[in-house]
Chemist: 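Questions regarding the structure given below will be posed in turn.
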Number of protein chains: 2
Amino acid sequence: MANSGKKKATIYDLSVLSGSSPSTVSAVLNGTWRKRRIKESTAELIRSLAETHQYTANRQARGLRSSRSGLVGLLLPVHDNRYFSSLAQTFEAHVRSKGQCPIVVSASRDPEEERKTAETLISYSIDELFICGATDPDGVHEVCEAAGLKHINIDLPGTKVSSVISDNFEGGRLLTEAIIRHFPAGRPLEPNDLYLFGGRNDHASHERIRGFRAVKKELLGGDPDECIQPTGYAPNNARKAFEAFYARHGKLPRGLFVNSSINFEGLLRFMAEHPHDNFTDLVVGCYDYDPFASFLPFPVIMIRQNVEGMIAKAFEVIEQPRAAPRIHLVEPELVPPRTALTGPLDALKDIDLPRRKT
Amino acid sequence: MANSGKKKATIYDLSVLSGSSPSTVSAVLNGTWRKRRIKESTAELIRSLAETHQYTANRQARGLRSSRSGLVGLLLPVHDNRYFSSLAQTFEAHVRSKGQCPIVVSASRDPEEERKTAETLISYSIDELFICGATDPDGVHEVCEAAGLKHINIDLPGTKVSSVISDNFEGGRLLTEAIIRHFPAGRPLEPNDLYLFGGRNDHASHERIRGFRAVKKELLGGDPDECIQPTGYAPNNARKAFEAFYARHGKLPRGLFVNSSINFEGLLRFMAEHPHDNFTDLVVGCYDYDPFASFLPFPVIMIRQNVEGMIAKAFEVIEQPRAAPRIHLVEPELVPPRTALTGPLDALKDIDLPRRKT
DNA sequence: AGTCATTGCACCATCGATTGTGCAAATAAG
DNA sequence: CTTATTTGCACAATCGATGGTGCAATGACT
């Protein structure tokens, strides 16, 4: 009711209204007033004025003075993918619970854009930065370091500061083994029947491939190089790779290890163009979990990275005094076909009927 | 090289180094220097100093002075869902292209949290706010209005300010009709065979239901009330509703209109618990598109909302001087089963091999 | 040489909150 | 009643960038 005008109330407005000084108002409203020996009644008065005038602090001013902002950044490769968006969702909840404001930005896996985005965030004096899945984590590190900003890597490790990542080697092993064991003993998989598609020259892909090859050698007794097809992450490049294989062999490999759900979309595109092929006798293992993918008409075994665990660990590590860079591995989980897992969405209440407080 | 120390350079540092005043430095670096008749050579000097010292403006200071921040907010219900995350992705690209910084936050469909989140964003002096899928858009409106903040509704309309939303009635019609026509003439659908699950008491659900009922009446000659089951958006509530139907009838309806891909996850959960039921003779229509869902083992017809179109329209409308609140409808698109559409991810280059600029 | 216009820039207040310091008034101690 | 202590708060500098105003130096022109 007070002022439905345009301008927001400031501590100066309240100082006039309450008859005390701006510094007193400030102290009362930011909680340091006991330390400043402000009388309870004065504080009470100011608090009630703040209430009726809907005072909220101007955080730019506060941030300018204190060179903190209350903003915590998450730098993502992309938004629209269930893995990264659930990271964002979980990250948000953590930041909120600390009374800070999450700010989630994507940088398209472009090293230059990653650095520029970090610089932009820094210019807003963000308090911490979580660097997730960066193509060039160390480049971002330098930018952060120059600004004295606390930061940490997630999902893809850097060398200059600690990282929290999935145990991609173990995940790769688990997934590869599950694919192989999914085939009946009667028609077992040959080494040449199991291909890996997707991913690129990053730590996660390397580790997964390492796990993939290790298990193949161990269980299938062979591990031909041509079975590794790192196509990058773009769905269309993956599609082309499947298309090329299909053109040569007239079919897909019986077993597919797909490096990410984004690459999996490339497989879907391929399938859309081959509507009459039923792809029976096909088993797909996909790194990253997507509930819909899990129910596709062929067996899809997925790896769910422990998003909650990684985020929690990252917050734990970033709060600690900085030590020598270390890589913290978080174990991922194997998800059998046709599995609908709960996720961060389940934490939400289903609220109806907006109440209007006229 | 310059200073790898901790503090960032300010215009004062550059002013000392260049021998000119802070205001001159400021003018040079923010582009207003011609207006201020700064000599070209002075500008040149300052620019080169800024370069070598890696100057970047402190945006909190700038924002404080100019009461703008360069931040543009997007308030989302949730992140981890392909519809909302592709909205985020598209929104980001638009904001970036205007040289501003996107800030995407979710508020869990909680009216209280929506308002508080808006207030927080306002306290950072964001320049504009896009309110997407809010449970209580008018509540958020009031908060924005009190702060004199430009804002607009997306996805769910408000009454106090313009909105850009999908044509949910038409989308509902399209989808319902497609479901019905997907059944062979030999075994046509009865009115009681086609159910709608999910959604709640919001504008989008109402419109979709209206379209659903209209088409049912028109094509099936009947539209029983019990076929409408608004379960809210929580996946588990949808699951329970399917479970309940199944308990009563021993099967699912032959035709299902699922109100959102989040509700669809509830269907998956249901299916996971009935592994031996093949759900042949089932056709699902789902509002919202998910590439993986499109390839499920039963026919899934989806509606893709025109995310790019909505975002573009919203930017267009928000830039215009505010007029009487209007609802702008954007037509959604019907997506046949087994369709892999491209999305915002396809705009990204697939960059490899990070270059390090030691 | 004197007047006037132009060029080139410095000065200073300002945005709103924070925080170290100082100082009256109230209370306690002697 | 005086001195010492505590209480309660005001003052003013500060964070970094912006933009209005003013003023000296230079050049143009009579």
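Convention: sequence-line order gives letters A, B, ...; per-chain numbering from 1.
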Chemist: So what does A/Arg36 hit on the nucleic acid, given a heavy-atom distance under 4.0 Å: a base, only sugar-phosphate, or nothing?
Modeler: base
Chemist: What's the NZ-C1' distance between A/Lys39 and D/dC9, to the nearest Å?
Modeler: 10 Å
Chemist: Does A/Asp138 come within less than 4.0 Å of A/Lys160, counting only side-chain N to carboxylate O?
Modeler: no
Chemist: Given D/dA17, is OP1 or OP2 found less than 4.0 Å from the side-chain N or O atoms of B/Ser26?
Modeler: no
Chemist: Mapping B/Leu64 and B/Thr24 to their closest nucleotides on DNA chain C, which lands nearer the 5' end?
Modeler: B/Thr24
Chemist: Does the gap between the ring centers of B/Tyr124 and A/Tyr124 come in under 6.0 Å?
Modeler: no
Chemist: Rounded to whole Å, how long is the line connecting atom CG of B/Asn58 with atom P of C/dC15?
Modeler: 18 Å
Chemist: From CZ of B/Arg37 over to P of D/dT21, roughly how many Å is that when rounded to an integer?
Modeler: 13 Å
Chemist: Hey, what's the ring geometry for A/Phe130 with A/Phe91, parallel, tilted or perpendicular (30° and 60° as the breaks)?
Modeler: perpendicular
Chemist: With a 4.0 Å cutoff (strictly under), does any side-chain N or O of B/Tyr12 reach OP1 or OP2 of D/dT14?
Modeler: no
Chemist: Does A/Ser23 make a side-chain donor-acceptor contact with the base of D/dC11, cut-off 3.5 Å?
Modeler: yes
Chemist: If only side-chain N and O atoms count, and only distance matters, is there a donor-acceptor pair under 3.5 Å linking A/Glu308 with A/Thr90?
Modeler: no
Chemist: Using whole Å, report how far CD1 of B/Ile46 lies from C1' of C/dC9.
Modeler: 10 Å
Chemist: Can you tell me how far C1' of C/dT7 sits from CD of B/Glu40, to the nearest Å?
Modeler: 14 Å
Chemist: Hey, which sits more toward the 5' end of DNA chain C by its nearest nucleotide, A/Lys35 or A/Tyr55?
Modeler: A/Tyr55
Chemist: Would you say C/dT18 has OP1 or OP2 under 4.0 Å from some side-chain N or O of A/Asn30?
Modeler: yes
Chemist: Find the distance A/Ile38:CD1 to C/dT18:P and express it as a whole number of Å.
Modeler: 13 Å
Chemist: Looking at C/dT19, I'd like to know if its phosphate oxygens (OP1 or OP2) sit under 4.0 Å from a side-chain N or O belonging to A/Thr32.
Modeler: no
Chemist: Is B/Arg47 salt-bridged to B/Glu40, cutoff N-O under 4.0 Å?
Modeler: yes
Chemist: If you look at every strand shown and take non-hydrogen atoms under 4.0 Å, does A/Gly19 touch a base, only sugar-phosphate, or nothing?
Modeler: sugar-phosphate
Chemist: OP1, OP2 of D/dG16 versus side-chain N and O of B/Thr10: anything below 4.0 Å?
Modeler: no
Chemist: When you check the phosphate oxygens OP1 and OP2 of C/dT18, does a side-chain N or O of A/Arg62 lie under 4.0 Å from one of them?
Modeler: yes
Chemist: How close or far is atom P of D/dC15 from atom CZ of B/Arg59, stated in whole angstroms?
Modeler: 21 Å
Chemist: In this structure, how many angstroms lie between the C1' atom of D/dT6 and the CZ atom of A/Arg34, rounded?
Modeler: 16 Å
